[in-house]
Amino acid sequence: MEVRTRFAPSPTGYMHLGNLRSALYTYLFAKANGGKFILRIEDTDQSRYVPGAVDVIYRTLKSIGMQWDEGPDIGGDYGPYVQSERKNMYLPYAEQLVKAGKAYYCFCTEEELAERREQAAARGETFKYDKHCLHLSQEEIQRRLDAGEPYVIRQNVPEHGEASFDDVLYGHIAVDCSDLDDMILIKADGMPTYNFANVIDDHTMGITHVMRGNEYLSSTPKYNLLYDAFGWEKPTYIHMTPIMRDATHKLSKRDGDAYFEDYINKGYLKEAIVNYVALLGWNPGDEREFFTMDELIKAFSVDGMSKSPAIFDVNKLTWMNAEYVRRLTPEQFTEYALPYYKKAGVGAEHADLLARILQQRTETFAQIPDMLDFIPQLPDYDVELFTNKKSKTNPEIAKHVLEIAIAALDALPAWEEQPIHDALLGLAEKEGMKNGTMLWPVRIALAGKQVTPGGAIEIAILLGREESMRRLKVGLEKLA
RNA sequence: GGUCCCGUGGUCAAGUGGUUAAGACACCGCCCUUUCACGGCGGCUACAGGAGUUCGAAUCUCCUCGGGAUCACCA
């Protein structure tokens with residue numbers, strides 16, 4: 001039988017990393033088994049409607065290479081794929097259950113329920129619906145229905161016995177039916193509850209493997225009761241762990257860094273995010289850490305999925321992103337970096353050089369403006385910077401170095417890397433000093449900061465002859 | 001609170017009765033070096049606790065503790 005999995009997000013306008021990972025595993029599982037990956041939009045809660053939110057889902061999934069085989073935009077044999085367009089499918093199924101005695105009409109109002117719930121709480125008990133309306137006579141039910149009284153349809157959970165299901169990861173999970181509540185299937189407005197809609201949708205769409213968040217672990221036995229009531233074949237269940245912010249909290253929107261978009265905006269590469277997230281809660285069984293989408297499909301297996309939640313470590317994501325950045329071609333690097341050069345006020349005329357010095361030290365592209373901040377304007381720096389033990393420099397030595405460096409550079413016919421390099425290093429040799437002793441003061445004078453991407457020579461090129469000479473002289477003045 | 005799930009270093013994790021308990025990130029040190037970074041080498045740190053079963057337990061069982069989920073006419 002062909003494997004069919006589904007990703008069923010609510011359109012909120014953002015792609016939560018936890019959802020992204022669930023979608024990814026769901027996709028990988030389908031593809032690893034030669035199956036189909038279906039996209040279903042769960043938009044029944046119109047109060048949460050966000051314009052354009054569905055497009056965010058489409059765009060994000062597509063951009064990371066997760067193409068669905070059936071979905072709202074491309075159709076398929078099991079449509080419609082938007083839940084709000086399926087809304088009149090559910091009631092008949094519920095009525096079928098009522099006829100079979102597996103569900104029943106309930107006329108208890110929300111107010112009554114709330115009151116009984118309060119009373120139960122006062123006694124320190126957990127409220128459970130008492131099947132009051134199950135015992136209504138056929139005549140009374142019909143009379144109240146005819147009278148147009150509002151009603152819901154509830155699942156009739158057996159009073160005794162066991163409800164259970166088998167999860168690929170968690171194994172056999174069983175609960176006593178007496179612990180289960182008669183959950184509402186159809187609401188007073190005629191719409192299905194999420195739980196019911198899910199069962200119906202998954203079955204009618206031929207979903208063979210239901211992969212979803214861990215939070216459904218405790219309600220799944222009830223779902224299986226429904227499958228049994230219908231006489232349907234149950235899907236295989238695979239419940240997935242959440243991504244955590246720390247040991248006790250899920251990654252949530254309140255943290256401001258729970259969304260895929262957050263990281264894109266911070267200058268992370270989408271491939272790195274996907275790669276990292278894939279490894280949070282799954283491992284390939286070998287030492288590999290870097291995967292393209294195709295490689296993930298080949299390597300993916302449920303065996304590698306973790307049963308315990310994983311804490312999101314931005315440190316490791318950043319490391320992985322840096323690895324991806326280094327693997328870019330210089331041209332690709334420049335393409336990504338360009339907006340950040342602009343932000344820094346740095347032109348792209350030395351793009352090759354910039355890529356050469358920046359690529360090895362860029363963890364996220366958002367770091368670039370800070371790294372280049374000294375280029376548009378010389379920072380106001382302290383002479384203390386000319387002192388460096390390892391390079392064996394101090395203000396006195398620096399003064400001498402700058403004097404001879406200015407003379408030597410001034411005499412250069414061309415402002416190019418090789419001549420500058422030869423001039424400066426030649427000078428160091430002639431003076432009998434370490435290269436560092438020669439180059440430290442020059443770099444400090446050129447950049448006005450202690451840490452720079454690239455060395456004195458690269459910076460001289462980036463600044464150009466005129467600005468470089470000016471800055472060297474400013475440095476000399478500071479030392480006078 | 002009831003029910004269910006989870007528990008190997010700071011983090012991700014390998015491990016399925018016999019291992020010096022992998023590896024990666026982070027951290028620390030050294031080397032390289034034109035600062036930083038990259039790169040190379042090395043180091044630190046873990047089986048939640050307790051009973052059992054067994055010749056032998058991170059691995060099996062039970063209890064305790066810790067954490068999470070769920071108990072809606074929300075999805």
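Computed over heavy atoms, backbone and side chain alike; hydrogens, waters and symmetry mates excluded. By convention in this document, chain letters (A, B, ...) are assigned in the order of the sequence lines, proteins followed by strands, and residues within each chain are numbered from 1.
Proximity of the aromatic rings of A:Tyr268 and A:Tyr324 is defined here by a centroid distance below 6.0 angstrom, and this criterion is not met. In summary, the aromatic rings of A:Phe165 and A:His239 are positioned with their centroids under 6.0 Å apart.
Between A:Lys434 atom NZ and B:U34 atom P there is a gap of 8 Å when expressed in whole angstrom units. Per the geometry, CG belonging to A:Asn275 stands 13 Å off C1' belonging to B:C25, to the nearest Å. Whole-Å rounding puts the A:Lys449 NZ to B:U34 P distance at 21 Å. Between the OH atom of A:Tyr90 and the C1' atom of B:A75 there is a distance of 13 Å, given to the nearest Å. If you take CG of A:Asp167 and P of B:C4, they are 16 Å apart, rounded to a whole angstrom. Across the protein-nucleic acid pair, A:Arg327 atom CZ and B:C38 atom P stand 14 Å apart, rounded to whole Å. Remark: C1' of B:U34 and CD1 of A:Ile459 are 10 Å apart, rounded to the nearest angstrom. Between the P atom of B:C36 and the CD atom of A:Gln367 lies a distance of 17 Å, rounded to the nearest Å.
Distances shown here put every side-chain N or O of A:Asn214 at or beyond 4.0 Å from the OP1 or OP2 atom of B:A69. Between A:Lys128 and the phosphate of B:U3, there is no side-chain N or O to OP1/OP2 separation shorter than 4.0 Å.
The listed nucleotides are B:U70, B:C12, B:U35; the one nearest the side chain of A:Ser391 is B:U35. The nucleotide whose nearest atom lies closest to any side-chain atom of A:Tyr170 is, among B:C73, B:C5, B:U35, B:C5.
Relative ring orientation between A:Tyr216 and A:Tyr223 is described as tilted, the plane-to-plane angle lying within the 30° to 60° band.
The pairing partner recorded for B:C73 is none, the criterion being a Watson-Crick or G-U wobble arrangement whose two distances lie under 3.5 angstrom. Using the Watson-Crick or G-U wobble rule with both distances under 3.5 Å, B:C41 pairs with B:G29. Taking a pair to require two hydrogen-bonding distances under 3.5 Å in either a Watson-Crick or a G-U wobble arrangement, B:A48 pairs with B:U64.
The same atom, C1', is picked in B:A58 and in B:U3; the two are 28 Å apart, to the nearest Å. Across B:G49 and B:G10, the matching P atoms stand 12 Å from one another, rounded to whole Å. The gap from the P atom of B:G40 to that of B:A24 amounts to 11 Å, rounded to the nearest Å. Between B:C5 and B:U11, the two P atoms lie 24 Å apart (nearest whole Å).
Counting distance only, with no hydrogens placed and no angle test, the side-chain atoms of A:Arg443 and the base atoms of B:U35 include a donor-acceptor pair under 3.5 Å.
No cation-pi contact links A:Lys131 to A:Tyr104, judged by a cut-off of 6.0 Å to the six-membered ring centre and 45° from its axis. Taking the ring centre of A:Phe312 as origin, the terminal cationic atom of A:Arg21 falls outside the region bounded by 6.0 Å and 45° from the ring axis.
A:Ala247 comes within contact range of the sugar-phosphate backbone alone, with a heavy-atom separation under 4.0 Å but no base atom that close. As judged by a 4.0 angstrom heavy-atom cut-off over every strand, A:Ser219 is placed among residues making no nucleic acid contact. Within 4.0 Å of A:Glu287, counting heavy atoms only, lies at least one base atom of the nucleic acid. Heavy atoms of A:Thr248 sit under 4.0 angstrom from primed sugar atoms or phosphate atoms, though from no base atom. Nucleic acid contact for A:Glu289: sugar-phosphate only, since backbone atoms but no base atoms lie under 4.0 Å from a heavy atom of the residue. Residue contacts for A:Tyr276: at a heavy-atom cut-off of 4.0 Å it reaches no nucleic acid atom on any strand shown. Residue-level contact check: A:Gly281 touches the backbone only, with heavy atoms under 4.0 Å from sugar-phosphate atoms and none from bases.
Scored by the side chain to side chain donor-acceptor pair (under 3.5 Å) test, A:Ser306 finds no partners at all (sequence neighbours excluded).
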